Amino acid sequence: MTNHHAHFNTSCVHAGVEPEPVTGAIMTPIFQTSTYVQAELGLNKGYEYSRTDNPTRSALQSALAALEGGKFGLCFSSGMAATDALVSTLKAGEHFLSCDDVYGGTYRLLKKVRKRQGILSDFVDFSNLAEMEKRILPQTRWIWIESPTNPLLQVIDIRAVVELAHRHHVRVAVDNTFMTPYFQKPLELGADLVMHSATKFLNGHSDVVMGCLITSDQALYEQLKFIQNAVGGVPGPFDCFLVLRGLKTLAVRMQRHQENAFDVAHFLSGRKEVNWVRYPGLKSHPQHDLHKRQTTGFGGMVSFELKGGLESARTFAKSVKLFALAESLGGVESLCDHPAIMTHASVPKEQREKLGISDSLIRLSVGIESAEDLIADLDHALSAVGA
Ligand SMILES: *Cc1c(COP(=O)(O)O)cnc(C)c1O
């Protein structure tokens, strides 16, 4: 484990990047260009047009592939554009099977957009694999996992899903946004594809929207690269530069997110205003052991339920000062989300209740500030709730 991280820390700084050959610039330049001059007909330097390829993007794609332990990386203009590129490999009548406690945008893409083009999809509970297996159809092409899930941090057994899926000749993709390759490497667990919202921890500074796909399967890569160019949802070179810069500190940021999240989770666990706390690193987490078997750590996301319903949540959200009330996650600054009204409002109320997303559920993205200050902020807000 230590060794693995020693290599990983080095990869964060160096993977995918070479000093620029013309000047020796140590940092990958922002190749802010749409086209490339050709020496003569049919003779170019590997770049023709920036939708197809751009050197800043290429460096980032190589870095991301190396960090996930894959051979190929592809970047997209958002996490949703990355997911949609995978969905675009399906034909009308083919089927996409996903876990049910999934990023809301993934559900919306399949049910509100791609369904109209005849792509079939189901969102089911993956905690019972026997039940899940019954939902695999002859037309199922991909199984989609998020682990831990959003916002309830349920853990799915990635190896077990992969084994089952492969027996049915179905491929597995993992949305690895919450864990990042610092803590979890789905390709090593047998998955065929990894997706990220690079908007979150990979970039880490809340100033870019981007997505990526990573695989070691060359045929799949070529199909996805064709779609990347044909559909055109590519990020610009400046955003690629920012994510490359963010990746250099991924290891130190994730370590600190985790330390702070542990402190916050322990603090919340001891408070009378709180019904329960969900963090994969707590022994009280129902799948703590499973999570430990497939990762090297627990990340920076903590969810908890306040006593007293929506009013308590309103008071809490109004009272926190350091935790900013905002959607998104994974930046250096701490954020606080109310899933029922904010990120998961598009999930129907009955479905929210079934999943356990109550009106007093709070999701924290714990940043890299001093833990003492974060805890003082939570202490103040909880006292307001309890008063
Ligand atoms: C944010 C997010 C997405 C979507 O990514 P965008 O970059 O916002 O398009 C997908 N999955 C998870 C887990 C996310 O948090």
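Note that the structure is a prediction, hence the values are computed from the model and not measured. Atoms within each ligand, like the ligands themselves, are counted from 1 in listed order.
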Engineer: Going by distance alone, is a donor N or O of one side chain under 3.5 Å from an acceptor N or O of the other, for Q218 and Q223?
Structural biologist: no
Engineer: Between Y279 and S269, is there a side-chain donor-acceptor contact under 3.5 Å, judged purely by atom types and distance?
Structural biologist: no
Engineer: Would you say the side chains of N44 and Q38 form a donor-acceptor pair under 3.5 Å?
Structural biologist: no
Engineer: Could you list the residues that satisfy side chain to side chain donor-acceptor pair (under 3.5 Å) with K111, not counting sequence neighbours?
Structural biologist: S121
Engineer: One pair per line, please: each N/O atom of ligand 1 matched with every protein N/O atom under 3.5 Å away, atom names first, then the distance to 0.1 Å.
Structural biologist:
from, atom 1, to, atom 2, distance (Å)
ligand 1, 5 (O), S197, OG, 3.0
ligand 1, 7 (O), G79, N, 2.9
ligand 1, 7 (O), S197, OG, 2.8
ligand 1, 7 (O), T199, OG1, 2.7
ligand 1, 9 (O), G79, N, 3.0
ligand 1, 9 (O), M80, N, 2.9
ligand 1, 11 (N), D175, OD2, 2.7
ligand 1, 15 (O), K200, NZ, 2.7

Engineer: Just by distance, do the side chain of R51 and the backbone of N229 share a donor-acceptor pair under 3.5 Å?
Structural biologist: yes
Engineer: Would you compute the distance between atom CD1 of I136 and atom CZ of R141 and round it to the nearest 0.5 angstrom?
Structural biologist: 12.0 Å
